[in-house]
Amino acid sequence: MDISDKLRNARRFEEEALQKKEFVRKPDFHICAPTGWINDPNGFSEYKNEKHLFFQYHPYDTSWGPMHWGHMKTKDFIKWEQLPVALAPDMPYDSLGCFSGSAVEWNGEHILFYTGVKKEKDINGYIKEYQIQCIAVGDGTNYKKLAQNPVVDENLIPAGGNLIDFRDPKAWIEGEYIYFVVGNRGKDNSGQILMYRSKNLEEWEYVGILDQCNNRYGKMWECPDFFELDGQHILIVSPQEMQAEEYRFHAGDGTIYISGEYDKDSHNFIEKEIQTLDHGLDFYAPQTMLTSDHRRILIAWMQSWSYTMFGIEDGFSGMMTLPRELTIKDGILYQSPVSELEHYRTNKVTITQYEAKEEYEILPKLQGRIMDMEVMVSGESYSEFHMKIAADDTFFTELIYDKTKNRFIFSRFHSHLREDIPNERKVDLMGDQETLKMRIIMDRYSVEIFFNDGEQVFTSLIKTPIDIDGVYIKTIGKAYVDICKYDINVE
Ligand code: FRU
């Protein structure tokens, strides 16, 4: 296939960078930038029995720049194979970037939906950036942009809709149609999720507004995803400019899910429950896919826009979360690490009904930075449980459970950071914690904590030197601790 100079250069640059660089800080089983910068996961999909993940990518620098789509694939969500860059901003309608989007398998082909960003003069002669929806069709390695691009532009946007914020199409197939939802800013300057459909990729029809922000839950809603799960419909969005609400939503860029009822004929969606998707310090722009064995799997960018922890000195910036399987129980969205991770567990260590002390003590057999560890804390008379991970006498990341308030506190103040970035966050846990249950997945510089079988999740990065790997615990009052810990080995 003929490819543009921009795409050829990006592919060559990536290949050379991978050959010459050593990346000391890369995770073992989480996707991270091959080189340069990555943000949102894109095109998470199954094609010819393999799972593909694309991502927002600026290969040339460890900071954001003209967006390409990088590409990897996997058979099991744990071991990923690098593929050449899939899209470069090489057309007049996407010359400022190929922004986020999604993918489906359709008639034997792999169809990518993305937002093209272009520069144009507005009616007053001022140069403006506009966002429009585009398609590329491929075979799992090479992708050709449609001659009809852009397929959805100003002609199909409802009155009051804004072409400056019109991005991130998430597509799915239903009956004879391909649908997509896409983020937009409406009349009131806050987010709205628009829906489109087509029978043939080329002619698109505006279906309507699926949901609106109405200046609740932030402003612009980025990266929508919409799907049916366990008899309910879920809309996931990543709002910008959120306001904190107790410990339920934090300020800035967040991610929320809205569960509700959707009428497939009228396309009417009625919101029922709105919750934070992940409470951590580093989580944004998640996207889901449906596997051929009917699992709904979510992956997100394990970072956020307000700061970066990895950059020039590391040679790369940006990682993804572990893929997580979604289920619904009593209206709440549960997330649990994909079961494939269990195939890579080794060196099991268990501790049973251990009576924790009131002073911190190290648990010698539990050290590590690449692990899958389940911790259960019980006891009627304790008020707080504290755990330090990636810890030695000086540095640590602290996980605190305040039982009196049913509140969890994550603190990386002493994790070796030299930057004044968000370092602590509190979360009110749901339900009654008779036994607190945390599954902690660490992969060198990341920590993902799944509470109570995934009812709530907390995802954050730490930048503690890798040889600092102790686990310490203490309690206030009498608590019994059960731990089951494995190392993860993907060699
Ligand atoms: C979300 C986002 C998307 C956009 C992309 C650009 O993180 O802002 O809305 O498509 O990143 O890289």
Side-chain angles (χ1 to χ4, degrees), residues 40 42-48 52 54 69 86-87 91-94 98-118 130-140 142-163 165-186 191-212 221-228 233-237 262-269 287-290:
D40 315 357
N42 295 155
F44 195 28
S45 56
E46 204 162 283
Y47 176 66
K48 299 207 163 143
H52 288 254
F54 303 80
W69 276 34
L87 299 178
M91 299 301 282
Y93 55 78
D94 63 17
C98 299
F99 273 21
S100 283
S102 55
V104 294
E105 177 167 355
W106 193 65
N107 292 341
E109 293 185 299
H110 203 195
I111 319 291
L112 310 185
F113 298 80
Y114 71 97
T115 297
V117 185
K118 64 171 182 175
Y130 293 113
Q131 306 189 338
I132 56 225
Q133 313 320 317
C134 306
I135 290 178
V137 178
D139 61 1
N142 292 303
Y143 295 84
K144 198 171 166 26
K145 294 176 182 173
L146 280 196
Q148 291 83 352
N149 277 343
V151 292
V152 173
D153 60 11
E154 57 269 35
N155 302 318
L156 277 181
I157 209 160
N162 177 335
L163 215 58
D165 288 301
F166 181 38
R167 56 183 176 272
D168 312 333
K170 176 69 185 3
W172 72 96
I173 297 172
E174 202 162 304
E176 53 185 349
Y177 285 104
I178 300 187
Y179 283 84
F180 69 72
V181 283
V182 60
N184 183 226
R185 222 184 255 263
Q192 57 184 7
I193 302 303
L194 308 181
M195 202 177 200
Y196 294 86
R197 70 179 180 187
S198 167
K199 284 184 182 167
N200 57 19
L201 299 184
E202 285 144 28
E203 291 139 335
W204 287 81
E205 178 191 340
Y206 168 63
V207 177
I209 297 177
L210 182 72
D211 202 7
Q212 278 170 305
W221 281 359
E222 298 190 304
C223 301
D225 196 344
F226 187 58
F227 52 89
E228 188 172 359
H233 271 83
I234 301 285
L235 174 65
I236 291 177
V237 291
Y262 172 65
D263 183 313
K264 286 187 181 171
D265 297 318
S266 64
H267 306 290
N268 203 19
F269 178 64
Q287 183 168 106
T288 71
M289 64 165 293
L290 191 62

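Just so you know, residue 1 is the first one in the sequence shown, and it goes up from there.
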>> Distance check, rounded to the nearest 0.5 Å: Y130 atom OH versus D165 atom CG?
In response: 12.5 Å

> Partners of W221 by ring pair (Phe, Tyr, Trp, His ring centres under 6.0 Å), sequence neighbours excluded?
Replying inline: none

> Of all residues at least two apart in sequence or in a different chain, which pass the side chain to side chain donor-acceptor pair (under 3.5 Å) check with K118?
Replying inline: E120

> Going through the checks in order, is the side chain to side chain contact (heavy atoms under 4.5 Å, CB included) test met by E105 and K48?
Replying inline: CA-CA 8 Å; E105 177 167 355; K48 299 207 163 143; 4.3 Å; yes

> Between I193 and G183, what is the shortest heavy-atom contact and its length?
Replying inline: CD1-CA, 4.1 Å

> Given the rule in the side chain to side chain contact (heavy atoms under 4.5 Å, CB included) test, do E228 and K264 qualify, once you have shown the distances and angles that lead to the verdict?
Replying inline: CA-CA 11 Å; E228 188 172 359; K264 286 187 181 171; 3.2 Å; yes

>> Applying the ring-ring contact (aromatic ring centres under 6.0 Å, His included) criterion to Y143, which one of F54, F113, W69 satisfies it?
In response: F54

>> K199: which residues meet the side chain to side chain contact (heavy atoms under 4.5 Å, CB included) condition with it, sequence neighbours left out?
In response: E176, Y177

> What residues, two or more places apart in sequence or in another chain, satisfy side chain to side chain contact (heavy atoms under 4.5 Å, CB included) together with I173?
Replying inline: V104, W106, I178

> What closest approach, in Å, do L235 and P224 show between heavy atoms, and which atom pair accounts for it?
Replying inline: CD1-CB, 4.4 Å

> With sequence neighbours excluded, what pairs up with Y262 under the side chain to side chain donor-acceptor pair (under 3.5 Å) test?
Replying inline: H267

> Can we say E222 and R167 salt-bridge, meaning some charged N sits less than 4.0 Å from an Asp/Glu carboxylate O?
Replying inline: yes

> Under 3.5 Å, is there a donor-acceptor pair between the side chain of D94 and the main chain of G116?
Replying inline: no

> Who pairs with T288 by side chain to side chain contact (heavy atoms under 4.5 Å, CB included), at least two apart in sequence or on another chain?
Replying inline: K170, D225, F227, I236, R296, L298, L326

> Quick one: does F99's side chain get under 4.5 Å of D40's, heavy atoms only?
Replying inline: no

> G43 and Q287: which non-hydrogen atoms are nearest, and at how many Å?
Replying inline: N-OE1, 3.1 Å

>> For E205, give me all partners under salt bridge (charged side-chain N to carboxylate O under 4.0 Å, His left out), at least two apart in sequence or on another chain.
In response: R197

>> For a quick test of reading the model, state the closest non-hydrogen atom pair linking C223 to D168 and the distance between them.
In response: N-OD2, 2.9 Å

>> Please enumerate all residues that pass side chain to side chain donor-acceptor pair (under 3.5 Å) together with N142, with sequence neighbours excluded.
In response: R11

>> Tell me if a side-chain donor or acceptor on S102 pairs with a main-chain N or O of A171 at a distance below 3.5 Å.
In response: yes

Would you give me the side-chain donor-acceptor pairs under 3.5 Å for residues 150-160, sequence neighbours excluded?
unit_1: D153; atom_1: OD1; unit_2: N155; atom_2: N; d: 3.1
unit_1: D153; atom_1: OD1; unit_2: N155; atom_2: ND2; d: 3.2

> Closest heavy-atom contact between L146 and L201?
Replying inline: CD1-O, 4.1 Å

> Partners of D211 by salt bridge (charged side-chain N to carboxylate O under 4.0 Å, His left out), sequence neighbours excluded?
Replying inline: none

> Atom CZ in F226, atom OH in Y179: separation rounded to 0.5 Å?
Replying inline: 11.0 Å

> Do you know the tightest heavy-atom contact between L87 and C98?
Replying inline: CB-SG, 4.2 Å

> Which residues pass the side chain to side chain donor-acceptor pair (under 3.5 Å) test with Y196, sequence neighbours left out?
Replying inline: none

> Residues in side chain to side chain contact (heavy atoms under 4.5 Å, CB included) with N200, at least two apart?
Replying inline: S198, E202, E203

> If you round to the nearest 0.5 Å, how far is CD1 of I209 from CG of L194?
Replying inline: 6.0 Å

